[in-house]
Every structure is written in structure tokens, then in C-alpha cells.
Amino acid sequence: MRLHRVMTLGLAGLMAATVGTTVVQAEPGGCLKYGAAGAVGGHLANHAVLGATAGCVTGMYRRHEYRKEARNKAKLYDQEHPGAKGTYEQKATAYDVEHSTAPGSTTAPSNAQPGSAQPQQPASPQGEEHL
């Protein structure tokens, strides 16, 4: 029984390390990747099938949300560049590069507006204190 538990924990650690290193992909993992991680987690709680099902659903939802955001960014890119060619993923990447948006956001940061910089006060000399 003890050997089985050690093997299970070792497999769970290996799966966690594998899932953690593949997160840097452009598109999030789908049913297989999240389902496998859910199965390992569910196995530790004696609910492997339930964990795999929940992981699969989570993976499909995350991929759906990623693709929906990419299509929205591609639509914005098409508005700015009529007649641009390429897939919606390429256009979404181009939109991100042009607008330097944060991941998960389809709007440009508010401080990136031209001419919106606040005028800066001249620096006071060292040691001078204003009350």
C-alpha cells in the first residue's frame, strides 16, 4: 500500500511538472491535458473519473475563452487595417504587438494614449522640504 501511494504521488508530481512547463504555449491546453491532470488529482481523492471530467470541461472552457478573445482582437485589428490577410490568431498577435495589451485584456492601457502625459513638476533641490 505504501509503495502504491509513493508511486501515485510521484506520478502526480510528474504530471504537475509537465502541465506547468507546457503552459507557455500560445493556446491553452484542451480536454486531454486538463483531463489528465484532473484524473491524477481525482485519483488522489478517490474520484479519478470525476476529476478527469472536471479537468476536461475546464480545458475546453479555457480554450474556448482564449479563441473568443483572439477573434475579438482580430476583429479590432481588421477595423484598423482593412484588407489585412492572415488567420485570426495572426491578427490577434499583431494587435497585441501594436497595442501592447496585457494578457486577458482586449483594450489598450489608458496611459498609452498620446498627449495624455501629465506635466511633471520640476524637481526640488536636495534637502529642501516643502510643507
Side-chain angles (χ1 to χ4, degrees):
M1 183 68 177
R2 185 165 172 82
L3 179 63
H4 177 67
R5 185 161 179 85
V6 170
M7 292 291 290
T8 303
L9 289 175
L11 181 61
L14 179 64
M15 288 295 295
T18 303
V19 170
T21 58
T22 58
V23 171
V24 293
Q25 290 179 344
E27 190 169 271
C31 183
L32 289 176
K33 184 167 90 174
Y34 281 88
V40 171
H43 175 72
L44 294 175
N46 295 325
H47 296 288
V49 175
L50 184 62
T53 303
C56 182
V57 169
T58 302
M60 289 188 310
Y61 177 75
R62 286 186 45 100
R63 184 170 282 178
H64 168 75
E65 288 295 316
Y66 172 83
R67 288 179 178 169
K68 185 166 76 171
E69 179 184 340
R71 283 190 299 271
N72 288 339
K73 288 180 180 179
K75 200 177 296 183
L76 292 171
Y77 185 80
D78 282 338
Q79 289 174 355
E80 294 175 3
H81 305 281
K85 297 187 190 251
T87 65
Y88 74 92
E89 292 169 333
Q90 293 168 337
K91 291 176 184 179
T93 302
Y95 182 84
D96 280 342
V97 168
E98 281 186 9
H99 296 279
S100 300
T101 59
S105 171
T106 58
T107 60
S110 61
N111 61 358
Q113 303 286 335
S116 67
Q118 297 287 336
Q120 294 189 358
Q121 298 291 331
S124 61
Q126 287 282 350
E128 186 174 330
E129 187 174 334
H130 295 282
L131 296 176

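We use all heavy atoms of the structure for the numbers below, so side chains are in, but hydrogens, waters and symmetry mates are not.
- What you find for A92 and A70 is that their closest heavy atoms are CB-O, 3.5 Å.
- Counting only residues at least two apart or in different chains, salt bridge (charged side-chain N to carboxylate O under 4.0 Å, His left out) contacts with residues 77-94 comprise D78-K91.
- In plain terms, the two heavy atoms of Y34 and G55 that are nearest each other are CB-O, 2.8 Å.
- Minimum heavy-atom separation, G30 to R63: N-NH2, 3.3 Å.
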Go through K68 and E65 one step at a time and tell me if the salt bridge (Lys or Arg N to Asp or Glu O under 4.0 Å) criterion holds.
CA-CA 5 Å; K68 185 166 76 171; E65 288 295 316; 3.6 Å; yes
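- Using modelled atom types, one finds a donor on one side chain and an acceptor on the other under 3.5 Å when comparing H81 with E98.
- The shortest heavy-atom contact between R67 and Y88 is CG-OH, 3.5 Å.
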